[in-house]
Amino acid sequence: MSSYTTLLIWVAVIAVVFGIAWRKGLFAKLTQYCAETREELKKCTWPTRDELKGSTIVVLISTLLIGLFTFVVDGVVVYLMRHLLS
């Protein structure tokens with residue numbers, strides 16, 4: 001099969017799928033979903049820049065503390081296992 005024939009077949013398949021989706025109203029549903037999502041997002045309270053900075057700092061510090069805790073506990077467990085197994 002030539003590359004043009006393969007391309008033509010794919011274009012036809014895509015056109016059929018597009019036509020079926022259009023006929024079933026899937027594009028109308030997608031448009032309605034996007035419009036409703038935009039309306040709901042307008043109702044959201046978005047954080048200010050200062051609130052966002054503060055939350056980001058809290059998350060970073062919490063992540064560092066949890067990482068440090070995990071590192072220390074892992075070191076203690078490794079130390080105990082080496083002494084118990086030797």
Side-chain angles (χ1 to χ4, degrees):
M1 233 191 237
S2 72
S3 62
Y4 290 119
T5 307
T6 305
L7 179 63
L8 187 60
I9 290 171
W10 276 110
V11 168
V13 168
I14 291 170
V16 168
V17 170
F18 183 82
I20 291 170
W22 185 277
R23 183 114 173 131
K24 289 191 173 195
L26 296 177
F27 293 112
K29 290 179 184 177
L30 179 62
T31 303
Q32 180 183 2
Y33 171 77
C34 290
E36 289 174 359
T37 301
R38 283 186 176 172
E39 286 301 316
E40 288 299 319
L41 286 175
K42 288 179 183 177
K43 296 176 187 177
C44 291
T45 304
W46 297 99
T48 63
R49 186 172 292 271
D50 290 334
E51 291 172 337
L52 188 60
K53 284 180 185 177
S55 297
T56 303
I57 290 171
V58 168
V59 169
L60 288 174
I61 290 172
S62 300
T63 304
L64 289 173
L65 289 175
I66 290 171
L68 181 64
F69 173 76
T70 304
F71 180 76
V72 170
V73 169
D74 182 57
V76 169
V77 169
V78 167
Y79 176 77
L80 290 174
M81 293 305 277
R82 282 187 183 158
H83 280 10
L84 290 174
L85 295 176
S86 61

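What you are looking at is a predicted structure, and each value in this text was computed from that prediction instead of being measured.
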- Val58 vs Ser62, side chain to side chain contact (heavy atoms under 4.5 Å, CB included): CA-CA, chis, key distance, verdict: CA-CA 6 Å; Val58 168; Ser62 300; 4.1 Å; yes

- Are Leu65 and Ile57 joined in one hydrophobic group, where the rule is that I, L, V, M, F, W and Y side chains link up if heavy atoms are under 4.5 Å apart? yes

- Query: What's the spacing between Leu68 CG and Thr63 OG1 if we round to 0.5 Å?
  - Reply: 12.5 Å

- Query: Say you draw a straight line from OG1 of Thr31 to NZ of Lys29; how long is it, rounded to the nearest 0.5 Å?
  - Reply: 12.0 Å

- Task: Would you give the length of the straight line joining atom CG of Leu64 to atom CG of Leu60, rounded to the nearest 0.5 angstrom?
- Result: 6.5 Å

- Query: Just wondering, do Trp46 and Leu41 contact through their side chains at under 4.5 Å, heavy atoms?
  - Reply: yes

- Give, for atom CD of Gln32 and atom CD of Glu36, the distance between the pair rounded to the nearest 0.5 Å. 4.5 Å

- Query: Knowing that exactly one of Ile9, Leu8, Leu7 qualifies, which makes a side-chain contact (heavy atoms from CB on, under 4.5 Å) with Thr5?
  - Reply: Ile9

Residues 79-86 side chain polar contacts: donor-acceptor under 3.5 Å, at least two apart:
| unit_1 | atom_1 | unit_2 | atom_2 | d |
| --- | --- | --- | --- | --- |
| Tyr79 | OH | His83 | NE2 | 3.0 |
| Ser86 | OG | Arg82 | O | 2.8 |

- Task: Establish whether Val77 and Phe69 are linked, either directly or via other cluster members, by ILVMFWY side-chain heavy-atom contacts under 4.5 Å.
- Result: yes

